[in-house]
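Every value quoted in this text rests on a predicted model; they were computed, and no experiment measured them. So that the names make sense, note that chain A is the first sequence line, chain B the second, and so on, each numbered from 1.
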Amino acid sequence: MTEENQDENKLIAQRREKLTAIRAKRVAFPNDFVKEDTSSDLIKNHEAKTKKELDELAVTAVIAGRIIRMRGPFVVLQDGSGQMQIYINNKSYSDEQAEEIKSFDLGDIIGVHGEMFKTGKGELTLRAATFELLTKSLRPLPDKHKGLTDTEMRYRQRYVDLIVNEESRKIFQTRSRIMRFIRQYFESLDFMEVETPMMQVIPGGATARPFITHHNALDQEMYLRVAPELFLKRLVVGGFERVFELNRNFRNEGLSTRHNPEFTMLEFYQAYARYQDLMDLTENLFRKIAIDIGGSSKVSFQGSEYDFAEPFARLSVTDSIRKYCSVADDTVFASAESVAALANSLEVNFDENWSKGKILMEIFDQKVEAQIDQPTFITEYPIEVSPLARRNEENPEITDRFELIIGGRELANGFSELNDPEDQAERFKEQVAQKDSGDSEAMHFDQDYVTALEYGMPPTAGEGIGIDRLVMLFTDSASIKDVLLFPHMRPQQDPT
RNA sequence: GGGGCGUUAGCUCAGUCGGUAGAGCAGUUGGCUUUUAACCAAUUGGUCGUGCGUUCAAGUCGCACACGCCCCA
């Protein structure tokens, strides 16, 4: 439906007429109302008082909010803190005022001044002595009982969803609380929050397709970052030994219940730490978030129960394949040929030209990951798929790296950092070779990053945590769109 | 990329075998005025996602497209 058609709607036309009448009389959108109280504070301060006590105290209050219910002389106002019932009996006012009360619509924003009292049924209520329409709402609200349930409209018009669906408001309040908690947590560990470029000349830090843009004045191709990693490690070279960044990444990939083209990532780097230290830190962080958000170390998510007081399982990539694909014969992990044969027998789709490590990860991605429900650190990632991670000292085929899987979803990825500049240069060369042979996700060669490593980066461990998926976990949300205020949507069709 | 489901009033949803489009809420008018999904009476409101086709007749059957949701790769 076009805007013009919507404007022809009778419900909107009626409200527009009311607005026109208001404009003729006074300032239609005043901004001088001084709000003094919030509904949650009024409830907190006066809910316990008896009807008689309240009458004797004669508590005055000034609140403002949106009309979300009307029951005869009772009007429910919703403000940023909650809801408060107002009593406006239009027989107690002048004819002109009574007319104005009658003209109020669901959705209008009004300011009210009066005295607090309790109704016959004991509900704390504000008796309006004076009232003022602050903002006329022209569009009708969704169903007062069922709210807005159409998922498409909830995402496209999040503001309407937020007005009428409390659960939706709660998710985003929880999200904000998680973000705040994470900042406090890292600051308490002496990490410094930093901001590094989102527009990069060489996109790096992850194997993913970037968005491309153009800088006009410099006539230069630029990329939206797929990760802040290489800049954060430059800061470790510079001497900031503990840094974190909590902000947006952009990846030019498909949409799904777990993927949005822009998403929020926490990345942090700690000098003189090893990947094992970060696994411990991650366990501790998840446990504390659970307790801060839900008051308990236990979290239920999509039918599963997780207790973050318990230590997380730790399993190597090959052990996880053994366990979840019932592989009895260890020799299958010996060569690329035998791993390819295993992949074939498990009906895993892969490219015959791929290396052993890449095929292993394909088996993991297609057959193992979704089966891992309880919090599990997967370790010993192949070197070919870990171009920025430190090589393991005993086994040169693997890196000192882990990923955290919960509910079949990757939540975090961390490793001891590769700080050998010559090894890093070699790894970049291999990535460039893969890019040249058609892998659009392979990394670019970042010479300045190698130069930085040549100045010397202390032994360091770093990690990224997908914040949207983490919020999904702690709000029991099935889709990433439920935890993004404005998820990416295809444009609506224009019916002309 | 493949498959399934959905799209009807502002919102939430019915709509039988193809035969003049229904309800609740919201809105409008009046009543009531310490209610609690307030209540009582009356009442307005439709490009049935878009397009093409089959048919005497399409919300309903067929095809295509758009958007959304779910599953698979």
Side-chain angles (χ1 to χ4, degrees), chain A residues 1-18 51-52 54-55 66-77 83-93 97-99 101-108 114-128 136-161 163-166 253-259 302 343 346-351 362-363 365-367 369-370 408 477-482 487-496:
Chain A
M1 201 178 278
T2 65
E3 296 231 358
E4 276 180 4
N5 280 339
Q6 278 192 9
D7 283 353
E8 287 163 6
N9 179 288
K10 276 188 184 166
L11 299 177
I12 295 173
Q14 282 164 359
R15 291 179 178 217
R16 246 182 234 290
E17 280 172 26
K18 290 178 183 176
K51 187 175 170 68
K52 203 174 162 190
L54 265 180
D55 288 344
R66 190 186 296 276
I67 298 173
I68 58 158
R69 299 278 188 281
M70 293 196 280
R71 291 187 288 265
F74 292 93
V75 166
V76 180
L77 285 198
Q83 297 173 2
M84 174 56 62
Q85 181 170 264
I86 309 297
Y87 183 71
I88 310 186
N89 184 339
N90 59 16
K91 295 200 165 152
S92 317
Y93 301 92
Q97 286 174 312
E99 273 308 302
I101 293 167
K102 275 180 71 180
S103 76
F104 286 161
D105 289 303
L106 289 176
D108 288 354
E115 273 186 20
M116 301 303 301
F117 76 107
K118 276 198 169 172
T119 65
K121 297 280 164 66
E123 178 160 351
L124 187 66
T125 302
L126 176 62
R127 183 187 288 106
K136 185 69 192 168
S137 170
L138 295 178
R139 290 177 185 266
L141 291 175
D143 190 275
K144 70 178 182 179
H145 310 309
K146 301 198 171 172
L148 187 65
T149 63
D150 183 278
T151 49
E152 186 173 354
M153 295 312 287
R154 288 184 48 227
Y155 300 146
R156 288 192 196 277
Q157 295 187 281
R158 182 65 87 185
Y159 40 91
V160 180
D161 178 44
I163 291 169
V164 298
N165 292 331
E166 192 190 358
E253 291 159 3
L255 301 149
S256 80
T257 51
R258 298 169 201 193
H259 298 87
Q302 304 294 299
L346 294 169
E347 296 180 324
V348 169
N349 297 316
F350 69 101
D351 190 323
E362 208 58 33
I363 295 173
D365 288 343
Q366 290 182 33
K367 297 293 166 186
E369 188 174 61
S477 300
S479 169
I480 196 170
K481 289 188 171 72
D482 293 326
H488 185 77
M489 302 286 280
R490 282 195 175 82
Q492 274 174 306
Q493 118 178 284
D494 191 16
T496 46

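Between the P atom of B:rU36 and the NE2 atom of A:His145 lies a distance of 13 Å, rounded to the nearest Å. Whole-Å rounding puts the A:Asn9 CG to B:rA26 P distance at 16 Å. Following rounding to the nearest Å, A:Arg156 (CZ) and B:rG49 (P) show an atom-to-atom distance of 17 Å. Taking atom CG of A:Leu141 as the reference point, atom C1' of B:rA37 lies 16 Å away to the nearest angstrom. Taking atom NZ on A:Lys146 and atom C1' on B:rG24, their separation rounds to 8 Å, with Å as the unit. Between the CD1 atom of A:Ile12 and the P atom of B:rG45 there is a distance of 17 Å, given to the nearest Å. Atoms CG (A:Asp161) and P (B:rU12) sit 11 Å apart, rounded to a whole Å. In this structure, A:Asp105 atom CG and B:rC25 atom C1' are separated by 15 Å, rounded to whole Å.
Between B:rU28, B:rU34, B:rC25, one nucleotide has an atom nearer to the side chain of A:Asp143 than all others, and that is B:rC25. Nearest nucleotide to the side chain of A:Met489, out of B:rG45, B:rU36, B:rG68: B:rG68. Closest approach to the A:Glu123 side chain among B:rC11, B:rC70, B:rU35 is made by B:rU35 (side chain taken as heavy atoms from C-beta onward). Candidate nucleotides B:rU35, B:rU34, B:rU12 were compared by shortest atom distance to the side chain of A:Arg71, and B:rU35 ranks first. Distance from the side chain of A:Leu148 is smallest to B:rU12 among B:rC70, B:rU12, B:rU36. Among B:rC69, B:rU33, B:rC67, the nucleotide with an atom closest to any side-chain atom of A:Asn89 is B:rU33. Distance from the side chain of A:Leu11 is smallest for B:rG10 among the nucleotides B:rG10, B:rC70, B:rU33. The side chain of A:Lys91 approaches B:rU33 more closely than any other nucleotide in the set B:rC67, B:rU33, B:rU36. Side-chain proximity of A:Thr119 to B:rU12, B:rA37, B:rU35: nearest is B:rU35. Across B:rU35, B:rA26, B:rC69, the shortest atom-to-atom separation from the side chain of A:Tyr155 is found for B:rC69.
When the C1' atom is used for both B:rG59 and B:rU50, the distance is 14 Å, rounded to whole Å. Separating the P atom of B:rU8 from that of B:rG3 is a span of 24 Å, rounded to the nearest Å. Taking atom P in both B:rC63 and B:rC5, the straight-line distance is 11 Å, to the nearest Å. Taking the P atom of each, B:rU35 and B:rC48 are spaced 45 Å apart, rounded to whole Å. With both ends at atom C1', the span from B:rA58 to B:rG49 equals 16 Å, rounded to whole Å. For the P atom pair drawn from B:rG18 and B:rU12, the interatomic distance equals 29 Å after rounding to whole Å. On the C1' atoms, B:rC11 is 12 Å away from B:rG27, given to the nearest whole Å. Taking the C1' atoms as reference points, B:rU7 lies 13 Å from B:rC13, given to the whole Å.
Classification of A:Asp55 and A:Lys52 as a salt-bridged pair fails, no side-chain N sitting under 4.0 Å from a carboxylate O.
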Within the sub-3.5 Å range, which N or O atoms of nucleotides 40-42 of chain B have a protein N or O partner, and how far apart are they?
none

Check nucleotides 4-6 of chain B against the protein and report each pair of N or O atoms closer than 3.5 Å, with its distance, or say if there are none.
none

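With sequence neighbours left out, A:Glu152 forms a salt bridge (Lys or Arg N to Asp or Glu O under 4.0 Å) with A:Arg156. For the side-chain contact (heavy atoms from CB on, under 4.5 Å) test, residues two or more places apart in sequence or in another chain that qualify with A:Lys481 are A:Tyr155, A:Ser479, A:Pro487, A:Met489.
Remark on RNA chain B: of its neighbouring residues A:Pro73 and A:Arg69, the 5'-side contact belongs to A:Pro73, judged by nearest-heavy-atom nucleotide. Taking the nucleotide of RNA chain B with the nearest heavy atom to each of A:Ile88 and A:Asp150, the more 5' of the two is matched to A:Asp150.
Counting heavy atoms from C-beta on, the side chains of A:Phe104 and A:Ile67 come closer than 4.5 Å. Contact annotation: the side chain of A:Arg258 never approaches that of A:Ile480 to less than 4.5 Å [non-hydrogen atoms, C-beta and beyond]. Side-chain contact between A:Pro140 and A:Ile12 is present, with at least one heavy-atom pair separated by less than 4.5 Å. Contact check for A:Lys367 versus A:Val348: side-chain heavy atoms found under the 4.5 Å cut-off.
With hydrogens and angles ignored, the 3.5 Å screen pairs a side-chain donor or acceptor of A:Asn165 with a backbone N or O of A:Leu148. A:Arg16 contributes no side-chain N or O that, together with a main-chain N or O of A:Leu138, makes up a donor-acceptor pair within less than 3.5 Å.
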**OP:** Go through the steps for A:Asn349 and A:Gln366 under the test side-chain contact (heavy atoms from CB on, under 4.5 Å), then give the verdict.
**Re:** CA-CA 8 Å; A:Asn349 297 316; A:Gln366 290 182 33; 4.1 Å; yes
Subject >> Criterion side-chain contact (heavy atoms from CB on, under 4.5 Å) on A:Glu115 and A:Leu54, from CA distance to verdict >> reply: CA-CA 9 Å; A:Glu115 273 186 20; A:Leu54 265 180; over 6 Å; no
Subject >> Full working for side-chain contact (heavy atoms from CB on, under 4.5 Å) between A:Met70 and A:Lys144 >> reply: CA-CA 10 Å; A:Met70 293 196 280; A:Lys144 70 178 182 179; over 6 Å; no
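Dashed line: the shortest gap from a side-chain N or O of A:Asn349 to OP1 or OP2 of B:rA73 is not under 4.0 Å. Residue A:Ser256 has no polar side-chain atom (N or O) positioned under 4.0 Å from OP1 or OP2 of B:rC70. Considering only side-chain N and O atoms, A:Lys102 lies nowhere under 4.0 angstrom from the phosphate OP1 or OP2 of B:rG31. Using a 4.0 Å cut-off, no side-chain N or O of A:Lys144 falls inside it from OP1 or OP2 of B:rC25.
Taking both residues in full, the closest heavy atoms of A:Arg154 and A:Asp161 are given as NE-OD1, 2.9 Å, listed atom of the first, atom of the second, then distance. Of all heavy-atom pairs spanning A:Tyr93 and A:Tyr87, the tightest one is OH-O, 4.5 Å.
Across all strands shown, A:Gln366 has no heavy atoms under 4.0 Å from either base or sugar-phosphate atoms.
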Subject >> Bracket notation of RNA chain B in which parentheses pair within the strand, [ ] cross earlier pairs, and | pairs with another strand (Watson-Crick or G-U, under 3.5 Å) >> reply: (((((((..((((.....[..)))).(((((.......))))).....(((((..]....)))))))))))).
Compile the donor-acceptor pairs under 3.5 Å between side chains in residues 121-128 of chain A and protein atoms, sequence neighbours left out, one pair per line.
| residue | atom | partner | partner atom | Å |
| --- | --- | --- | --- | --- |
| A:Thr125 | OG1 | A:Gln85 | NE2 | 2.9 |
| A:Thr125 | OG1 | A:Glu123 | O | 2.9 |

